[in-house]
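Below: one structure, written as C-alpha cells.
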Amino acid sequence: MRQDKNTSVTPLKTLGHPTPRIDALERVTGKATYTNDVQLPGMLYARILRSPHAHARIRRIDASKALALSGVKTVLTHENCQVVFGAGGIAGGQQYNDDIKKITKQRRYVFNNPVRFVGEPVAAVAAVNRHVAEEALRLIQVDYEVLNFVLEPEDALKQGAVAIWPEGNLSLDTRNEAKPMTTRRGDVQEGLQASDLVFEDRYSTAFVHNAQMEPRSCLAHWEGDKLTLYTPSQGISNCRQDTARDLGIPQEKVQIICQYMGGGFGNKNQNQDADLITAMLAKETGAPVKLEYTRKDDFIGVHGRWPTVQYYKVGVTREGLLKAIQLRGYSGMGGYRKNTGAIGGIDIYQCPHIESVIYPVYTNKTVSGNFRGPEYPQGFYGIESMMDDVAYKLKMDPVDFILKNMTRKSRDEVPYTNYSLEECIRRGAEAFEWKKRWRPQPGSDRGPVKRGAGVSFMAFRSALGRSNAVIRLDSKGKYTVFVGVTDIGAGAKTTMAMIAAETLAVPLSRVEVVWGDTDRCPYSVGESGSRTTIQTGYAVIQAAEALKRQISEKGLPAGENVLVGSASPNPTLEGKVRAAFGAHFVEAEVDTELGHVRITKYLAVHDSGRIMNPLAARSQIKGGAIMGIGMALHEDLIYDRRNGQPLTAGFYGDRIMTHRDAPEIEVIFIESDDGYGPYGAKSIGESSKVPAVAAVANAIFNAIGRRMKDLPITRDKILGALA
Amino acid sequence: MKTFANSNARDFQHAVSVAQQARQDGHAASFVGGGSDLLALVKERILTPDVLVNLKTIKGLDQVRAAGNGVNIGGLITLDTLSRNDVVRRQYTVLAEAAETVATPQIRNVGTLAGNVCQRPWCWYFRNGFPCYKNGGNTCFSFAGENQFHAIFGGGPSYIVHPSDTAVALLALDAKFRLVSPSGERTLSASEFFALPQQNPARENVLANDEALAEVTIPAPRAGTRSTYHKIMDREAWTHAVVSAAIVLEMDKQVCRSARVVLGGVAPIPWRLPKVEQMLAGQRIDETLAATAAEAALEGAKPLAKNAYKIPLTKGVVRRTLLDLAKA
C-alpha cells in the first residue's frame with residue numbers, strides 16, 4: 001500500500017466533499033457560548049495592572065488603598081503570589097517539559113520583579129464588578145526603580161548593553177548554557193571557497209501579533225480542591241497539564257473547558273499567565289473569577305511572532321547550483337523566552353554545505369511565542385528573498401533556480417514519504433502564466449504603476465503521532481465521538497465528525513461530537529503544529545474500526561445498551577519524513593509615485609494529501625496567504641526607542657488588513673496519496689502562511705527592481721527605495 | 001473606564017449651559033454625539049469627563065437643508081447619511097467622498113459630522129497617553145521620535161496631523177461653522193475655525209470651553225464647479241489619511257476659473273494651498289501645469305526624520321487629483 005510514487009487519492013463518500021461546519025448555525029446566530037459568555041453565580045471580575053516601564057525593579061507595592069475600596073476582594077502581586085508560569089519562558093524555549101522547568105535558571109513567574117517589558121503583569125485585582133476592578137488598579141501604588149532597557153536583539157548582545165537576566169541577554173539553552181542554536185552539514189567554509197560566486201545580504205522581520213478575533217479571557221472556579229478553567233485554548237490537554245504543573249496539583253484536579261473560540265493562530269497554545277492568575281484569584285477569594293483582556297492587553301500581554309535579523313552568505317556555481325548557505329540570525333524573544341526563536345527555511349534547499357547559527361536574545365519588548373508556523377514565515381522571507389536575488393544575479397528565472405536547487409530529500413538525506421514539490425511548482429507556474437507575468441528585467445514597466453511576479457515555495461512537516469478518540473453507539477443509532485479537540489477556526493469538530501462518518505459508513509447527520517472539555521474527552525494532541533486532522537483524525541479512524549469490530553461481534557446495541565470503540569494510536573513513519581508541499585505565485589502592482597502595493601493575482605498550489613473538507617481547507621489556504629500579505633506589507637509593533645513604549649498595539653495601530661484589503665486567493669490542491677495518515681491527509685493550517693511573505697516581497701522586487709529587505713514593506717520604505 | 005453622569009440635551013443652548021454649569025461646579029464635561037471617538041478616549045482615560053452631555057437628543061440638526069442657494073448641514077448628521085445625501089453628492093461631491101472614506105461602516109453609522117470635524121488627533125503618542133501637548137503636557141514626542149505619519153507643514157510645537165477627512169472638504173468648500181456657547185452664537189469660516197499648535201498646542205480649533213459646533217453652512221457652488229476628495233490610506237478601511245487632497249474647481253469649459261486646494265494628513269490643520277490656487281486660476285489644467293502645481297504645493301514643507309516620503313507622495317496626489325478632476 002505504501003509507495004514513494006505519487007498517486008491521487010481515491011474518492012470517498014463523506015470526506016472530500018465541501019461540507020459546511022456542523023456548528024455553523026450556532027456560531028452565526030449567537031447561540032455558541034464563547035469563554036467570555038460564560039457566567040457563574042457570584043462571579044467576580046479581574047483586571048491586571050501592567051508595567052508602564054520597559055525594564056524596572058519594583059521597590060515597593062502598596063495595595064492598601066485598592067484593598068480598602070469597597071467591592072475589592074483581593075490583590076495579587078509578586079509578594080503574595082509566586083506561581084511559576086512554566087510555558088511562559090523557560091530554558092531553550094522548550095515546552096511541556098517538567099524536567100527543564102526544574103533546572104532552568106531563567107524562571108518566569110506570573111508576577112516578576114524586575115519587570116522586563118511594557119505590559120508585563122505587576123498586580124491583579126478581583127472585585128465585584130469590572131468598574132471597581134479597574135478603579136482598584138489605579139489605587140495600587142508601585143514604586144519603580146527604572147532600569148536601562150534594550151529593544152533590538154543585536155544591540156542586546158553588544159558590550160555594555162543592560163543585562164535583562166543576570167546570565168546575560170543570550171537566552172540559556174536547555175542545559176543552562178548561553179550558546180546559539182547551531183546546525184551544520186558539510187563544511188560551509190569549504191563550500192563557500194568552492195563556489196564560483198558568493199552573495200551576502202541582510203534581511204529583517206518585524207514583531208507581528210497573532211491578531212486572532214477573540215481576545216483572551218478566562219473564568220476560574222474551584223469546587224474544593226478541583227479547579228475548572230473556562231479558557232480559550234488550542235489544546236485543552238496541554239493546558240490542563242501545564243496548569244496542574246504550575247499550580248502543583250494533580251492533573252485530574254484540573255478541568256479545562258473550551259467550547260467555542262474566536263481563533264488562536266498560536267496565541268492560545270499551552271496555558272497562559274491569565275489562566276494561572278485567574279485560578280489564584282479564584283482560590284484566594286473562594287469565588288468564581290472572570291478575567292477579561294482588552295485588545296491592547298492581548299497585544300502586549302501575551303505574545304506574537306519573534307522579530308528577526310538574518311545575515312546570509314550563499315555560494316553558487318556559475319550554472320546556478322547551490323554549494324553553501326550560511327545563516328547568522330538574531331531573534332528578539334522579549335523579556336522571556338516562550339519559544340525557541342529558531343529561524344527556519346534553509347532546509348528547503350538541497351545544498352551540501354550548510355551552517356545556521358541563531359541567537360535567541362532577550363530584549364525589553366513584549367514576549368515572542370507561537371504563531372502559525374512559528375519559525376518559518378520570517379525565515380522563509382529571508383531565505384526566499386535571498387535566493388530570488390541570487391537567481392536574478394545569475395540571470396536565471398527564479399522558477400528555474402528553485403527547480404534546480406529545491407529539496408528532494410529532507411535535509412538531502414531522508415526520503416519523503418512521497419514528493420510532489422516539483423509538480424506544485426510546475427503546475428503553479430503554468431496556471432499562473434508565470435512566463436507571461438514575470439519580467440525578465442525587474443522594474444522594466446514604464447510606470448508609474450508597475451507590475452511584477454514573485455514565487456516562493458515550501459515543504460512543511462506532516463509527521464504522525466499520538467492522540468486518542470472514543471466513539472459510542474447507542475440503540476437509537478447515534479454515534480458520539482469524544483475527542484479532546486477545540487475548534488480554533490480550522491473546523492476540527494466537523495472534520496472529526498466527517499472522518500467518523502466515513503469510517504463507520506453512516507451519514508454525517510448521525511454523528512455527534514463531544515469536544516473541548518478535559519473531563520469528558522480523552523487526551524488529544526492540541527490544535528498546534530497543523531496536526532489535529534493527522535493525529536486525532538487517525539485516532540478517530542482507529543476508534544471507528546474498533547467500534548465496527550464490536551458491532552460485528554455483538555450486534556447493534558438495544559435498549560439502554562451502548563457499544564464503545566476507543567483507540568490510542570501512535571503511528572510512525574518507518575524512517576521517512578512526511579511533508580506537505582506547496583508554492584505561491586503572486587503578481588503585484590506597485591504605484592511608484594504613491595508607494596502603494598496591490599496584489600493583482602495570487603495563486604497558491606498545495607499538496608496536503610487528501611483534502612478532508614475542501615470548504616475548510618480552501619479557507620485555511622486563503623487565510624494563511626492573507627496573513628502572509630499582512631506580514632509582508634502592513635503589520636509592525638512599533639516601539640519608541642527612547643522610552644521602550646509600544647505605539648501600535650491593537651487593530652487600528654498595527655494596520656492589520658481588512659476584508660477590503662484581501663485580494664482573491666486562487667487555490668489549487670494536488671491531492672497525492674502517500675499511504676500514511678488518515679486517508680492520506682497531510683498538514684495545511686500553518687503551511688499556507690509560510691511561503692506567502694516571500695512571494696509578495698519577490699513580486700515587489702520584480703515590479704520595481706528594488707529589493708525590500710526589511711519588513712513590513714510599507715509605503716515609506718517603497719518611496720524611500722525609489723527616491 | 002471612569003464613571004460619569006449622562007445629561008440629555010434638549011437643544012444646543014441647553015447643552016452648552018449644562019457643560020458650563022458642570023465646569024463651574026468643578027466637574028469636567030464632554031459633548032458626545034455618536035461617541036465613536038469619545039468612548040475610546042474615555043476608556044483609555046485620555047479624557048476623564050464627569051458629565052457627558054448627550055447631543056443626540058437634540059432634534060433637527062441631523063439633516064441637510066437648503067439655505068438660500070447653499071445648504072445648512074446639522075452637526076449631528078451621521079457620516080453615512082451625509083455621504084448618501086443626493087444634494088451633497090451632486091453639489092458638494094468632495095464632502096460626500098470625504099465622509100465615505102472615514103473609518104468603517106459601523107463608525108459612519110454613528111459618527112457625526114461635528115464629531116468628525118472636532119475629533120482629537122490620532123497621533124500614537126497622544127492616543128497612548130503620553131504627556132504630550134495634546135494631553136496637557138509640554139512636549140511633542142513625535143518630533144524626535146516615531147513621526148512617520150506626522151506633519152510636514154505647520155508643525156511646532158506639536159506635530160500632529162489633523163485627523164478629519166470632512167474638515168479638509170469643508171475648508172475646500174469655504175464652509176461656515178455655527179458655534180453655540182452659553183454667551184450666544186458665533187459663525188466662523190472654516191479657515192478661522194482650525195488653529196495651529198503655535199496658537200494653542202493643546203487644541204486643534206478655536207472652540208472655547210463649553211462651546212460646541214452646531215451646524216455648517218456651505219455656499220452654493222458656482223456654475224461649472226466640480227470637486228473631489230482623494231485619500232491615501234495604508235489600508236482600505238478604518239484608517240486616517242496618510243495624505244489627502246480636497247480639490248474644488250470652478251471650470252469654464254477647459255479653463256479653470258478658480259480653484260480651492262486643501263491637503264489633509266500633512267499639517268495640524270487642514271492645509272490650504274493659496275499659491276497653488278492662484279496658479280490654477282484662469283488656466284487650462286494640463287500635465288505641465290498639474291506637475292508645476294504639485295511642485296508648488298510642497299514648497300516650504302519641512303519633513304521630520306521619518307516622513308520625508310510624504311513629499312513625493314503629496315506631489316503625486318496633487319498632480320493626479322488635479323488632472324483627474326479637470327478631465328472629469
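Naming: A, B, ... by sequence-line order, numbering from 1 per chain.
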Interchain contact, Leu633(A) with chain B, by part (heavy-atom threshold 4.5 Å)
neither
Minimum heavy-atom separation for Trp124(B) and Leu647(A), please, with both atom names.
CB-O, 3.5 Å
With a 4.5 angstrom heavy-atom cut-off, is it the side chain or the backbone of Lys296(A) that approaches chain B, or both, or neither?
side chain
Relative to chain B, which segment of Arg642(A) carries a heavy atom at a distance below 4.5 Å: side chain, backbone, both, or neither?
side chain
Are there more than 12 heavy atoms of other residues, nucleotides or ligands under 6.0 Å from atom CZ of Phe143(B)?
no
Which answer fits Pro646(A), side chain, backbone, both or neither, if we ask what part of it has an atom under 4.5 Å from a heavy atom of chain B?
backbone
How far apart are the closest heavy atoms of Ala237(B) and Arg660(A), and which atoms are they?
CB-CD, 4.5 Å
Lys306(B) with Asp716(A): basic N within carboxylate O range, under 4.0 Å:
no
Any salt bridge between Arg655(A) and Glu236(B), counting N to O under 4.0 Å?
no
Can you find a heavy atom in the side chain of Asp591(A) that is under 4.5 Å from one in the side chain of Arg320(B)?
yes
For Leu719(A) and Leu313(B), work out which heavy atoms get closest and say how close.
CD1-CB, 3.9 Å
Determine, step by step, whether Trp122(B) and Tyr652(A) satisfy the ring-ring contact (aromatic ring centres under 6.0 Å, His included) criterion, reporting the C-alpha distance in whole Å, the side-chain angles of both residues, the deciding distance to 0.1 Å, and the verdict.
CA-CA 10 Å; Trp122(B) 276 80; Tyr652(A) 173 85; 4.5 Å; yes
Any Arg45(B) side-chain heavy atom under 4.5 Å of Arg138(A) side chain:
yes
Nearest heavy-atom neighbours spanning Arg715(A) and Tyr309(B)
CD-CE1, 4.1 Å
Per-residue contact mode, Phe651(A) against chain B (heavy atom under 4.5 angstrom)
both
When heavy-atom pairs shorter than 4.5 Å are enumerated against chain A, which of Arg319(B), Gln148(B), Lys315(B) gives the highest number?
Arg319(B)
Can you find a heavy atom in the side chain of Gln645(A) that is under 4.5 Å from one in the side chain of Tyr125(B)?
no
